[in-house]
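Residue indices begin at 1 and follow the sequence shown. Every value quoted in this text rests on a predicted model; they were computed, and no experiment measured them. These numbers come from the heavy atoms of this one structure, side chains and all, not from hydrogens, waters or symmetry mates.
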Amino acid sequence: SLEIALEAYKEAIADGDEDFIKQLKDACHYIIEPELTYTHFADLARNNSFNREDLQRAFNNIEQSGDEFADLFTDIDLYSNRLGIGDQKQSDTVSDLIKEIDKADLLNTDADVLGNAYEILIGKFASETGKKAGEFYTPQAVSKILTKIAITGQEDKMGLSVYDPCCGSGGMFVQSAKFVENHSGNINDISIYGQDSNPTTWKLAQMNLAIRGIEPDLGKYAADTFLDDQHPTMRADYIMANPPFNLSNWGAEQLKDDVRWQYGMPPASNANFAWLQHMIYHLAPGGRMGMVLANGSLSSQSGGEGEIRKNIVNADLVDCIIAMPTQLFYTTQIPVSLWFISKRKKQPGKTLFIDARKMGVMVSRKLRELTDGTKEEYKNEDGTLKNDIKKIADTYNAYVAGTLENVKGFCAAATTEEIAKQDYILTPGRYVGVEEQEDDGEPFEEKMGRLTSELSELFTKSHEIEAQIKERLGAIGYDI
C-alpha cells in the first residue's frame with residue numbers, strides 16, 4: 001500500500017540511505033520530506049487534520065530542489081478567497097479535493113494515466129475559459145497527426161531531438177514521447193527542447209512533462225522566441241508547433257537582418273512566415289517538421305508572403321499540406337492547415353495535398369473532433385470504428401512509399417511545376433479536385449423532369465399557404 005511505501009521511505013530518509021536518495025533524485029529530479037508527500041496529506045485529509053500550510057511547504061520544497069522547478073507553483077494561491085473565507089475553510093476546500101483524488105488507485109496507476117488526467121483537465125479548462133486558456137492547448141488529435149507524420153519511420157532511432165518554439169503546456173512533446181514508446185522506442189533517448197513566452201504556460205509544460213518522467217530543456221526562463229531565442233545554435237531532428245495565428249507586432253523592426261529569414265523578410269503585420277522560417281532555420285539536415293498555420297498562409301500575397309512561399313516551395317521543402325476541418329480548436333473558428341516540411345524528402349520535387357475538411361464528428365455544438373478508432377459511437381458503414389487520424393497517416397505513408405493513388409476530393413500529389421502553374425498557392429482544393437459523385441443510375445433527362453415536377457408542386461403548395469395566411473390576417477384586420 002501507499003502507507004507501507006511511505007513508512008519505508010521515512011526509514012530510508014532517516015537512515016541517510018545515499019544510494020536510495022540518489023536513485024530517487026535521478027528518477028524524479030527532486031527529494032521531498034516524507035511528511036510533505038501526497039500520501040501523508042491524504043492521511044491528514046481522511047482524519048480531518050489537513051492544513052494548507054503543509055501543502056505550501058511541499059510546493060516550496062520542490063521549487064528549491066533544482067533550477068528547473070524554480071517558481072513552478074507561484075501561480076497557485078492557496079490563500080485565495082475563492083477557496084473560502086479564512087484559514088479553516090480554505091484548508092477544508094483543499095482537503096476535500098485531496099479526498100476525491102484519494103479515491104483513485106494511485107499505487108497501481110502509472111505516470112501516463114496521471115499525465116492523461118492532467119492533460120484532460122487542461123483541455124477542459126481551455127474549453128470552458130476560451131481564448132485566455134486555449135492559447136496553451138493544442139487538441140490531441142492535431143498533435144497526433146503532426147507526430148505520426150513528422151516522426152514516422154524514426155521511432156526507434158537513438159538520440160532524437162524534438163523542438164517546439166511555442167510549446168504551451170507541452171502537448172506536442174507528450175504525443176512525441178507516446179509515439180516513440182508505442183513503437184518500441186525509449187523516451188529517455190529523446191532530447192526535448194522548447195520555449196514559451198508566457199510564464200504560466202511555461203510552468204504548465206514543466207509540470208506536464210515532469211509527471212511523465214520527461215526531462216525537457218525549455219530554456220532558462222519564459223521568453224519571446226523571436227527576440228530571445230533560448231536555443232540559438234540547436235538544430236532539431238523534428239519540430240512540431242502550433243504557433244499563435246496571424247500574430248502582429250512580433251518584433252519585425254528589431255529583426256530586419258536576422259539570419260533566420262532565408263526565404264524573405266516576413267511582414268510586420270503577420271508572423272506566420274516568421275514562425276515557419278524560424279523552424280526551418282532550427283531544423284537539422286535531414287530533419288522534418290509539422291506545424292499549424294491559418295489557411296491564409298496558403299494563398300496570401302500581401303507583405304511579400306507570396307514570394308516567401310514561392311522560395312520555400314522552390315527549395316523543395318514542402319512535403320505535405322493538409323486542410324483541416326473547422327471547429328477543432330477551443331479558441332478560434334479560423335480555418336487552419338497543417339504544413340509538413342522536410343529537408344530530405346522521400347518524394348523529391350513533389351508535394352502531397354490532403355483535403356480533410358469533411359472529416360471529424362461534432363462532439364458539442366461548438367467543437368469537432370477527429371476520430372481515432374477508439375469510440376464505439378462513431379462507425380463506418382461497414383461497422384468498423386471511424387479513424388480519421390489513421391486514414392490521414394496511412395495516406396501520407398502511401399505517398400512516401402510511392403504507392404499512393406490520388407483520390408478525387410481527398411488527396412493528390414503534385415509536382416513543383418504544377419504548383420508553379422497555380423502561382424505557388426498551396427490550397428489543397430486546387431490539387432485534389434472535386435469528389436466524384438456516385439451515379440444513382442437515373443438518366444439525366446428523367447431526373448430533371450422529375451425534379452422540375454416536384455419543384456412545380458412545391459410552388460403550388462407555397463401559393464396555397466400564402467393565400468391562407470393573407471385570408472387569416474385579413475380576418476383580424478391586417479390586409480396585405
Side-chain angles (χ1 to χ4, degrees), residues 115-116 119-120 122-127 134 136-152 164 168-179 182-183 238 240-243 245 289-295 297-298 319-340 352-400 404 407 409-412 427-429 432 435:
N116 287 343
E119 195 162 358
I120 288 169
I122 292 176
K124 291 288 186 183
F125 182 52
S127 176
F136 58 74
Y137 184 73
T138 300
Q140 282 195 15
V142 175
S143 298
K144 285 179 180 178
I145 293 173
L146 289 171
T147 303
K148 282 179 179 289
I149 291 182
I151 300 183
T152 189
D164 183 346
S169 60
M172 297 292 186
F173 299 139
V174 171
Q175 291 302 327
S176 300
K178 281 184 179 180
F179 189 66
N182 292 339
H183 290 78
Y238 299 99
M240 285 161 283
N242 174 25
F245 302 150
M289 61 175 262
M291 69 180 298
V292 186
L293 278 179
N295 275 0
S297 60
L298 300 171
D319 193 27
C320 177
I321 299 288
I322 304 176
M324 300 297 283
T326 58
Q327 296 177 280
L328 286 178
F329 291 82
Y330 295 111
T331 58
T332 181
Q333 299 302 313
I334 295 174
V336 304
S337 296
L338 305 186
W339 288 57
F340 293 92
L352 172 64
F353 293 92
I354 297 176
D355 190 342
R357 290 177 297 172
K358 294 182 180 179
M359 286 185 156
V361 292
M362 296 300 296
V363 296
S364 71
R365 186 171 57 86
K366 294 182 177 180
L367 189 65
R368 180 189 302 270
E369 284 184 1
L370 294 176
T371 55
D372 61 2
T374 63
K375 296 183 178 178
E376 287 288 336
E377 60 266 40
Y378 305 127
K379 293 184 177 181
N380 298 305
E381 292 182 1
D382 62 2
T384 58
L385 298 182
K386 285 189 174 183
N387 195 333
D388 297 324
I389 295 173
K390 184 177 185 299
K391 182 177 180 180
I392 291 171
D394 287 349
T395 300
Y396 176 79
N397 291 336
Y399 160 72
V400 168
L404 178 72
V407 178
F410 177 63
C411 66
T427 306
V432 304
E435 183 179 2

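A search for ring pair (Phe, Tyr, Trp, His ring centres under 6.0 Å) contacts involving Phe173 returns nothing, not counting sequence neighbours.
Between the side chain of Asn387 and the backbone N or O of Asp372, at least one donor-acceptor pair lies under 3.5 Å. A side-chain donor-acceptor contact under 3.5 Å links Asn295 to the backbone of Ser337. Judged by distance alone, with hydrogens and angles left aside, the side-chain atoms of Asp388 form a donor-acceptor pair with the main-chain N or O of Thr371 at under 3.5 Å. At least one donor-acceptor pair under 3.5 Å links the side chain of Asp382 to the backbone N or O of Thr384. Proximity of a side-chain donor or acceptor of Arg368 to a complementary backbone N or O of Pro325 within less than 3.5 Å is not detected. A distance-only check finds a donor-acceptor pair linking the side chain of Asp355 to the backbone of Arg357 [under 3.5 Å]. Within the 3.5 Å criterion, the main-chain N or O of Ser143 finds a donor-acceptor partner in the side chain of Thr147.
Here the side chains of Gln327 and Met362 are in contact, with some heavy-atom distance below 4.5 Å. Taking the side chain as every heavy atom from C-beta outward, Asp319 and Tyr396 approach each other to under 4.5 Å. Between Leu298 and Ile321, some side-chain heavy-atom pair lies under the 4.5 Å cut-off. In this structure the side chain of Phe340 reaches within 4.5 angstrom of the side chain of Leu146, judged on heavy atoms. Phe353 places none of its side-chain heavy atoms less than 4.5 Å from the side chain of Cys320. Residues Phe245 and Leu293 are not in side-chain contact: their nearest non-hydrogen atoms beyond the backbone lie 4.5 Å or more apart. Side-chain contact check for Val142 versus Val292: some heavy-atom pair is nearer than 4.5 Å. Looking at heavy atoms from C-beta onward, Val432 lies out of side-chain contact with Ile354 at the 4.5 angstrom threshold.
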Mind running side chain to side chain contact (heavy atoms under 4.5 Å, CB included) on Val336 and Asn242 for me, showing each step along the way? CA-CA 10 Å; Val336 304; Asn242 174 25; over 6 Å; no
Report the C-alpha separation of Tyr378 and Val363 in whole Å, then their side-chain angles, then the decisive distance to 0.1 Å, and conclude whether the side chain to side chain contact (heavy atoms under 4.5 Å, CB included) test is met. CA-CA 11 Å; Tyr378 305 127; Val363 296; 3.7 Å; yes
Can you list the steps and then say if Leu370 with Met324 is a side chain to side chain contact (heavy atoms under 4.5 Å, CB included)? CA-CA 10 Å; Leu370 294 176; Met324 300 297 283; 3.6 Å; yes
Apply side chain to side chain contact (heavy atoms under 4.5 Å, CB included) to Leu404 and Leu352, showing your working. CA-CA 10 Å; Leu404 178 72; Leu352 172 64; 3.5 Å; yes
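With rounding to the nearest 0.5 Å, the separation of CD1 in Ile322 from CE in Met359 is 9.0 Å. The NZ atom of Lys148 lies 8.5 Å from the CG atom of Asp394; values are rounded to the nearest 0.5 Å. The line from CE of Met240 to CG of Leu338 is 12.5 Å long, rounded to the nearest 0.5 Å.
Taking the charged nitrogens against the carboxylate oxygens, Glu369 and Lys375 do have a contact shorter than 4.0 Å, which makes a salt bridge.
A cation-pi arrangement is found for Lys391 relative to Phe410, the charged atom lying closer than 6.0 Å to the ring centre and inside a 45° cone about the ring normal.
Taking all atoms of both residues into account, the shortest heavy-atom contact from Asn380 to Leu385 is ND2-O, 3.6 Å.
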